[in-house]
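What follows is a single structure, written as C-alpha cells, with notes after it.
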Amino acid sequence: MHRRQPELGLIQETLLLTLYARALDAELPSPILGDTLSAELADTIDYDFRRLKVKPNLVVTTALRAKKLDDVVRAYIATHPECVVLDLGCGLDTRMARCDPPANVDWYDIDFPEVVDLRSECLPGRSHLIAADLTKPGWLDTIPGDRPAVIIAEGLLPFMPGDSFQQMTRELAGHFPSGELALNGYTRFAAWAMKYHPTIKALGIKAAQGFDDPHEPEDWNADLELVEEEMLTRAPEVARFPQPLRAFTRLTARNTALSRQGARILRYQF
C-alpha cells in the first residue's frame with residue numbers, strides 16, 4: 001500500500017533523505033545498520049527519492065552514525081532501566097524498534113507537527129509523540145523530569161538557528177536530574193559545506209551551525225561534561241564501506257583534524 005506524498009517544508013524533508021539512506025543500506029549485501037523496517041517504510045511512501053541524489057558515502061555514513069547512536073541508547077538503558085529516552089528531530093527514524101527498550105522505559109519522539117502527523121500514520125507504536133518546534137519554549141512541560149534521561153540529537157545541530165541549540169540544551173539539562181546527550185557533531189566547516197552537498201543542495205537547504213572543539217558545549221552553562229568523542233572514520237565498520245570510499249576514509253582516519261571534519265559522535269553527561 002502506498003501512502004500519500006508527504007507535505008513537508010525543506011527542513012522537514014530531510015527526514016526522507018535519512019530514511020532513504022537507511023533503506024539503501026538495508027539493501028546492501030553487508031549492511032551497516034540493517035534497518036529493514038526503514039526499507040519497508042520507504043517503499044510505501046509516494047515520493048520520488050531519486051531527486052535526493054543520494055550517493056554511497058551518504059548511505060554508509062548515515063547508517064554508521066545511526067548505529068553508533070543506537071549503541072549509546074542501548075548502553076544507557078542497560079544501566080538505567082527506568083530512564084526516559086528523547087529522540088529530538090526524530091523524523092521517520094525507527095530507532096525505538098531497533099533498540100527495543102523494555103516496557104518501563106518512557107520513549108519520546110519529538111518533531112514538527114507535520115512530521116508527527118506523518119509519523120503517527122507511518123510508524124504507529126508505543127512511543128510518546130510530541131509535536132513541537134524545538135526552538136520554542138514549553139515543549140518539555142509534558143515530559144516527566146524526575147528520571148534520568150538519554151537524549152539523542154541526530155542531524156539536528158546544523159538546522160537550529162542562532163543559539164537555539166545551546167538554549168535547548170540548557171533547558172534539557174535543567175529538566176532532568178541526570179542524563180546523557182549524544183549527537184553527531186559537525187565542525188563549523190562541515191556545517192557550512194553541507195549546503196554544497198548534492199542532496200542538501202537539491203532540497204535548497206542552507207545549513208550553518210557547528211563547533212570545532214568537542215569541549216565547547218561545556219561552556220554552554222548546561223553542566224555538560226564530554227564523555228566521549230568517537231570519530232567514525234576510525235570505526236571498525238569502515239571495513240564495509242565501498243571502495244574507493246573505504247581507502248579514502250582510512251587515509252583520513254590517520255589525521256585527527258581531518259577526521260573531525262567527517263562524522264563524529266559526541267557524548268556528554270549532565
Side-chain angles (χ1 to χ4, degrees), residues 2-28 31-70 87-98 109-119 121-123 133-134 152-161 165 183-186 190-210 232 241-242 245 261-265:
H2 278 267
R3 296 182 171 89
R4 61 180 171 83
Q5 181 168 338
E7 297 179 2
L8 302 169
L10 291 176
I11 296 295
Q12 295 92 315
E13 201 169 353
T14 59
L15 68 88
L16 299 175
L17 164 63
T18 51
L19 171 67
Y20 190 47
R22 294 193 304 272
L24 291 176
D25 167 76
E27 296 170 357
L28 294 175
I32 292 171
L33 186 64
D35 186 356
T36 55
L37 180 56
S38 282
E40 294 168 7
L41 178 56
D43 282 341
T44 71
I45 294 177
D46 183 17
Y47 181 83
D48 183 8
F49 287 99
R50 293 171 299 179
R51 72 182 292 258
L52 298 176
K53 302 178 182 178
V54 174
K55 303 296 184 184
N57 66 320
L58 185 62
V59 172
V60 294
T61 54
T62 298
L64 182 53
R65 81 180 190 189
K67 182 177 186 293
K68 295 301 183 181
L69 289 170
D70 287 355
D87 197 345
L88 307 178
C90 60
L92 291 177
D93 201 347
T94 59
R95 176 164 286 116
M96 186 177 186
R98 297 194 304 265
D109 286 313
I110 304 153
D111 214 314
F112 288 108
E114 57 269 41
V115 175
V116 166
D117 287 345
L118 180 63
R119 186 179 179 88
E121 177 185 340
C122 296
L123 284 172
D133 181 341
L134 294 171
I152 302 299
E154 181 177 0
L156 184 62
L157 174 63
F159 303 111
M160 292 189 70
F165 190 90
L183 64 147
N184 55 308
Y186 296 82
W192 172 83
M194 277 181 65
K195 61 187 175 185
Y196 297 106
H197 190 283
T199 305
I200 298 297
K201 193 173 182 179
L203 291 175
I205 294 170
K206 292 181 170 63
Q209 297 294 309
L232 300 191
F241 282 18
L245 179 61
Q261 299 302 332
R264 54 180 178 158
I265 299 299

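Note that the coordinates shown come from a computational prediction; the quantities given were computed from them, not determined experimentally.
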Just verifying a value: how many Å separate [X] [atom1] and [Y] [atom2], rounded to the nearest 0.5 Å?
{"X": "L157", "Y": "L88", "atom1": "CG", "atom2": "CG", "value": "12.0 Å"}
{"X": "F241", "Y": "N57", "atom1": "CZ", "atom2": "CG", "value": "9.0 Å"}
{"X": "T94", "Y": "E40", "atom1": "OG1", "atom2": "CD", "value": "10.0 Å"}
{"X": "I265", "Y": "E154", "atom1": "CD1", "atom2": "CD", "value": "7.0 Å"}
{"X": "E27", "Y": "S38", "atom1": "CD", "atom2": "OG", "value": "11.0 Å"}
{"X": "L92", "Y": "E121", "atom1": "CG", "atom2": "CD", "value": "10.0 Å"}

Run the side chain to side chain contact (heavy atoms under 4.5 Å, CB included) test on L232 and N184 for me, step by step, so that the C-alpha distance in whole Å, both residues' side-chain angles and the decisive distance to 0.1 Å come before the verdict. CA-CA 10 Å; L232 300 191; N184 55 308; over 6 Å; no
Can you name the residues that form a side chain to side chain donor-acceptor pair (under 3.5 Å) with [X], not counting sequence neighbours?
{"X": "T18", "answer": "none"}
{"X": "D93", "answer": "R95, R98"}
{"X": "R264", "answer": "E229"}
{"X": "K68", "answer": "E230, E237"}

Is the closest side-chain heavy-atom distance between [X] and [Y] below 4.5 Å?
{"X": "D70", "Y": "L33", "result": "yes"}
{"X": "T62", "Y": "V54", "result": "no"}
{"X": "F165", "Y": "L156", "result": "yes"}
{"X": "D25", "Y": "D35", "result": "no"}
{"X": "Y20", "Y": "L16", "result": "no"}

Candidate list V116, I110, D109, L15, test side-chain contact (heavy atoms from CB on, under 4.5 Å), partner C90, passing option: D109
Contact summary for [X] and [Y], nearest pair of heavy atoms:
{"X": "T44", "Y": "L41", "result": "OG1-O, 2.8 Å"}
{"X": "G155", "Y": "R65", "result": "CA-NH2, 4.0 Å"}
{"X": "F49", "Y": "I45", "result": "CE1-O, 4.3 Å"}
{"X": "L28", "Y": "V59", "result": "CD1-CG1, 4.5 Å"}

Among all residues two or more places apart in sequence or in another chain, which pass the side-chain contact (heavy atoms from CB on, under 4.5 Å) test with A39? A23, A26
Taking it one step at a time, do D111 and R119 satisfy salt bridge (Lys or Arg N to Asp or Glu O under 4.0 Å)? CA-CA 9 Å; D111 214 314; R119 186 179 179 88; over 6 Å; no
For a side chain to side chain contact (heavy atoms under 4.5 Å, CB included) check, start with the C-alpha distance between Y47 and L52, then their side-chain angles and the critical distance, and finish with the verdict. CA-CA 10 Å; Y47 181 83; L52 298 176; 3.5 Å; yes
Stepwise, does the side chain to side chain contact (heavy atoms under 4.5 Å, CB included) test hold for L123 with L37? CA-CA 10 Å; L123 284 172; L37 180 56; 4.2 Å; yes
